[in-house]
Chemist: 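Take this structure first; my questions come after.
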Amino acid sequence: MGFADQRFNVNLSILFTELPLLERPAAAAAAGFNAVELWWPWIDTPTPGRSELDALRKAIETAGVRLTGLNFYAGRLPGPDRGALSVPGEESERFRANIEVAAGLAESLGCGALNALYGNRVDGVDPAEQDALALENLALAARAADRIGAILLIEALNRPESPLYPLVSAPAAVEVADRVNAATGLGNATFLMDLYHLSMNGEDLPAVIERFAARTGHVQIADNPGRGAPGTGSLPLEDLLDRLRKAGYDGWVGLEYKPGDRPSAESFAWLPAEARAAR
């Protein structure tokens with residue numbers, strides 16, 4: 001097995017960011033990939049104009065790549081925010097306004113996974129109030145995803161980099177997915193297993209894989225330390241992905257790493273060119 005046996009996509013919100021958004025799908029294709037994913041590209045608005053949505057859709061279609069994952073609106077990301085759906089007031093309303101917009105874009109491109117970042121704890125707000133709001137909004141998102149035949153992803157981040165984010169372990173994220181599934185009866189809320197974040201939390205990654213592979217809807221990777229390409233740190237990513245395959249996970253593996261001080265196209269030497277286009 002090994003890297004050549006995985007289905008990789010490129011996260012265009014962290015790779016190829018030296019290029020304008022609309023040029024990134026073609027750059028990923030030129031590097032040999034045929035699948036991409038994105039954080040919500042318009043950090044200032046959950047409801048961009050039709051022309052902006054159409055331009056991104058056309059760029060992806062013209063490049064000949066497939067959009068396999070899309071985040072709902074998550075506030076300022078990259079930046080201080082880690083989602084909007086549990087933040088009372090304007091941010092929660094912005095998330096709700098974004099649900100059908102994001103689902104519509106995903107449906108138009110055949111994207112089957114929508115990621116809903118939970119959001120940071122807010123000073124002066126009862127965590128139980130935030131959790132109740134989160135469940136309401138996640139249920140709305142799960143129903144929208146179900147209408148387009150997609151899954152909803154619940155992601156654990158890492159405490160050192162996201163100290164106000166409450167989902168900083170695999171069990172915490174899976175527990176939220178369970179609550180959403182119980183509330184909707186749909187069963188389409190799944191775990192986004194980001195091996196970089198879990199390693200930053202000091203979790204036992206083989207144990208996490210054994211316990212939660214069957215609950216996992218998407219995987220993302222970066223090496224640690226540094227959040228760089230595989231081989232720049234000490235994580236045994238090839239072995240961990242092999243473990244995931246043996247545990248039954250055959251979905252996408254998102255490349256969500258920083259390319260370093262070089263063009264993104266030069267950061268893929270670890271992956272043979274013939275292994276980049278997913279089969």
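Here the structure is a predicted model, which is why all the values come from computation and not from measurement.
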Chemist: I would like to know whether N11 and V36 meet side-chain contact (heavy atoms from CB on, under 4.5 Å); could you show each step before the answer?
Modeler: CA-CA 6 Å; N11 190 303; V36 299; over 6 Å; no
Chemist: Nearest 0.5 Å, what's the CZ-CZ distance between R276 and F268?
Modeler: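 Here the rounded value is 7.0 Å.
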Chemist: Are the side chain of N201 and the backbone N or O of E203 linked by a donor-acceptor pair below 3.5 Å?
Modeler: no
Chemist: Does F16 belong to the same Ile/Leu/Val/Met/Phe/Trp/Tyr cluster as W39, with side-chain heavy atoms less than 4.5 Å apart forming each link?
Modeler: yes
Chemist: Just by modelled atom types, is the N224 backbone N or O under 3.5 Å from a matching donor or acceptor in the R227 side chain?
Modeler: no
Chemist: Decide yes or no on side-chain contact (heavy atoms from CB on, under 4.5 Å) for N98 and T45, but give the supporting numbers first.
Modeler: CA-CA 9 Å; N98 174 249; T45 178; over 6 Å; no
Chemist: In the single-linkage hydrophobic clustering (I, L, V, M, F, W, Y; side-chain heavy atoms under 4.5 Å), do L114 and W42 co-cluster?
Modeler: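 Yes, it is one cluster - the side chains of L114 and W42 are joined through contacts under 4.5 Å.
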Chemist: Indicate yes or no: at least one non-hydrogen side-chain atom of L271 is less than 4.5 angstrom from one of F33.
Modeler: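 Heavy-atom side-chain distance check passes, below 4.5 Å.
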Chemist: Below 4.5 Å, heavy atoms only, C-beta onward: do S13 and W40 meet side chain to side chain?
Modeler: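 Not in contact.
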Chemist: Assess whether side-chain contact (heavy atoms from CB on, under 4.5 Å) is satisfied between Q220 and V253, documenting all intermediate values.
Modeler: CA-CA 5 Å; Q220 292 174 331; V253 176; over 6 Å; no
Chemist: Can you tell me if N137 uses its side chain to pair, donor with acceptor, with the backbone of L85 under 3.5 Å?
Modeler: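 Judged by distance alone, yes, a pair lies under 3.5 Å.
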Chemist: For the atom pair CD1 (I154) and CG (L192), what is the distance rounded to the nearest 0.5 Å?
Modeler: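 Those atoms lie 9.0 Å apart.
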Chemist: Does any N or O in the side chain of T62 come within less than 3.5 Å of the main-chain N or O of A59, such that one atom is a donor and the other an acceptor?
Modeler: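 Side chain of T62 to backbone of A59: no pair is present.
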Chemist: Is there side-chain contact between L241 and L195, with at least one heavy-atom pair below 4.5 Å?
Modeler: yes
Chemist: Has E18 got more than 12 heavy atoms of other residues, nucleotides or ligands less than 6.0 Å from its CD?
Modeler: yes
Chemist: Is there side-chain contact between P171 and F212, with at least one heavy-atom pair below 4.5 Å?
Modeler: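 Heavy-atom side-chain distance check passes, below 4.5 Å.
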Chemist: Using distance alone, with no hydrogens and no angle criterion, decide if R66 and N34 have a side-chain donor and acceptor under 3.5 Å apart.
Modeler: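 Absent: no donor and acceptor within the cut-off.
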Chemist: Using a distance-only test with no angle check, is there a side-chain donor-acceptor pair under 3.5 angstrom linking Y118 and D131?
Modeler: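 The answer is yes; a qualifying pair exists.
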Chemist: Please give me the minimum heavy-atom distance between P80 and N120, naming the atom from each residue.
Modeler: O-ND2, 3.2 Å
Chemist: Over all heavy atoms of both residues, which pair between L138 and A116 is shortest? Give the atoms and the distance, please.
Modeler: CD2-CB, 3.7 Å
Chemist: Supply the atom-to-atom distance I209 CD1 to D239 CG, rounded to the nearest 0.5 angstrom.
Modeler: 8.0 Å
Chemist: Is it true that a side-chain atom of S92 and a backbone atom of G89 form a donor plus acceptor pair closer than 3.5 Å?
Modeler: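 Not at all, since once roles are kept as given, no pair shorter than 3.5 Å links the two residues.
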Chemist: Quick check on the hydrophobic clustering: are L15 and L12 connected, directly or via other members, by side-chain heavy-atom contacts under 4.5 Å?
Modeler: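 Yes: a chain of side-chain contacts under 4.5 Å links L15 to L12.
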Chemist: Heavy-atom count around R96 CZ within 6.0 Å, excluding the residue itself: above 12?
Modeler: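 Yes, the 6.0 Å shell around CZ holds more than 12 heavy atoms from other groups.
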Chemist: Between Y165 (side chain) and A156 (backbone), is there a donor-acceptor pair under 3.5 Å?
Modeler: no
Chemist: Any sub-3.5 Å donor-acceptor pair from Q6's side-chain atoms to W252's backbone N or O?
Modeler: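 No; judged by distance alone, with no hydrogens or angles, the pair does not exist.
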Chemist: Is the closest side-chain donor-acceptor distance between N115 and N71 under 3.5 Å?
Modeler: yes
Chemist: Can a donor-acceptor pair be found, under 3.5 Å and without considering hydrogens, that links the side chain of R121 to the backbone of P166?
Modeler: no
Chemist: If you measure from the Lys or Arg side-chain nitrogens to the Asp or Glu carboxylate oxygens, is any gap between E238 and R243 under 4.0 Å?
Modeler: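 Salt bridge absent between E238 and R243.
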Chemist: For residues W270 and F3, establish whether the separation of their ring centroids is below 6.0 Å.
Modeler: yes
Chemist: Going by atom types alone, do H218 and E155 pair a side-chain donor with an acceptor below 3.5 Å?
Modeler: no
Chemist: Do the non-hydrogen side-chain atoms of I151 and L153 ever get within less than 4.5 Å of each other?
Modeler: yes
Chemist: Using 0.5 Å steps for rounding, measure from the CG atom of L38 to the CG atom of N9.
Modeler: 9.5 Å
Chemist: In terms of hydrophobic clustering (I, L, V, M, F, W, Y; side-chain heavy atoms under 4.5 Å; direct or indirect links), are L77 and Y257 co-clustered?
Modeler: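 Both belong to a single hydrophobic cluster.
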Chemist: Is any side-chain heavy atom of L19 closer than 4.5 Å to a side-chain heavy atom of R24?
Modeler: yes
Chemist: Could you pull out the closest heavy-atom pair between A29 and A63, with the gap in Å?
Modeler: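 Taking every non-hydrogen atom into account, CB-O, 3.6 Å.
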Chemist: Is there a side-chain contact (heavy atoms from CB on, under 4.5 Å) between V87 and D81? Walk through the geometry before answering.
Modeler: CA-CA 10 Å; V87 180; D81 298 329; over 6 Å; no
Chemist: Looking at V168, is its backbone amide N or carbonyl O close enough to the side chain of N158 to form a donor-acceptor pair, meaning the two atoms are under 3.5 Å apart?
Modeler: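 No; judged by distance alone, with no hydrogens or angles, the pair does not exist.
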Chemist: Between E91 and R94, is there a salt bridge with N-O shorter than 4.0 Å?
Modeler: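 Salt bridge between R94 and E91, a charged N being under 4.0 Å from a carboxylate O: yes.
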Chemist: Would a single hydrophobic cluster contain both V174 and L167, if residues Ile, Leu, Val, Met, Phe, Trp and Tyr are joined by side-chain heavy-atom contacts under 4.5 Å?
Modeler: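 In one cluster: yes.
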Chemist: Quick one: CZ on R211 to OG1 on T216, what's the gap to the nearest 0.5 Å?
Modeler: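 If we round to the nearest 0.5 Å, R211:CZ and T216:OG1 are 11.5 Å apart.
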Chemist: Considering non-hydrogen atoms only, spot the tightest contact between A213 and M193 and give its length.
Modeler: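 Closest pair (atom of A213, atom of M193, distance): N-CE, 4.4 Å.
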Chemist: Does the side chain of I221 reach to within under 4.5 Å of the side chain of E256, using non-hydrogen atoms?
Modeler: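 The answer is no; the side chains never approach within 4.5 Å.
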Chemist: What is the minimum heavy-atom distance between P41 and L56, and which atoms define it?
Modeler: CG-CD2, 3.9 Å
Chemist: Check for a donor-acceptor pair, side chain of S86 on one end and backbone N or O of A134 on the other, with a separation under 3.5 Å.
Modeler: no
Chemist: If we ignore angles and hydrogens, is there a donor and acceptor under 3.5 Å between the side chains of Y196 and E161?
Modeler: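 Yes, because at least one side-chain N or O of Y196 sits under 3.5 Å from a partner of the opposite role on E161.
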Chemist: For residues T184 and A142, report the shortest heavy-atom separation together with the two atoms involved.
Modeler: CG2-CB, 4.3 Å
Chemist: Does R215 reach the side chain of T190, with side-chain heavy atoms less than 4.5 Å apart?
Modeler: no
Chemist: Starting at NZ of K258, measure out to CG of D223 and round the result to the nearest 0.5 Å.
Modeler: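 That separation rounds to 13.0 Å.
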Chemist: In terms of side-chain geometry, is the basic nitrogen of D54 or R57 positioned less than 4.0 Å from the acidic oxygen of its partner?
Modeler: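 Answer for the salt bridge query: yes.
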Chemist: Are R147 and E107 ion-paired here, with the side-chain N under 4.0 Å from a carboxylate O?
Modeler: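 The answer is no: the pair does not qualify as a salt bridge.
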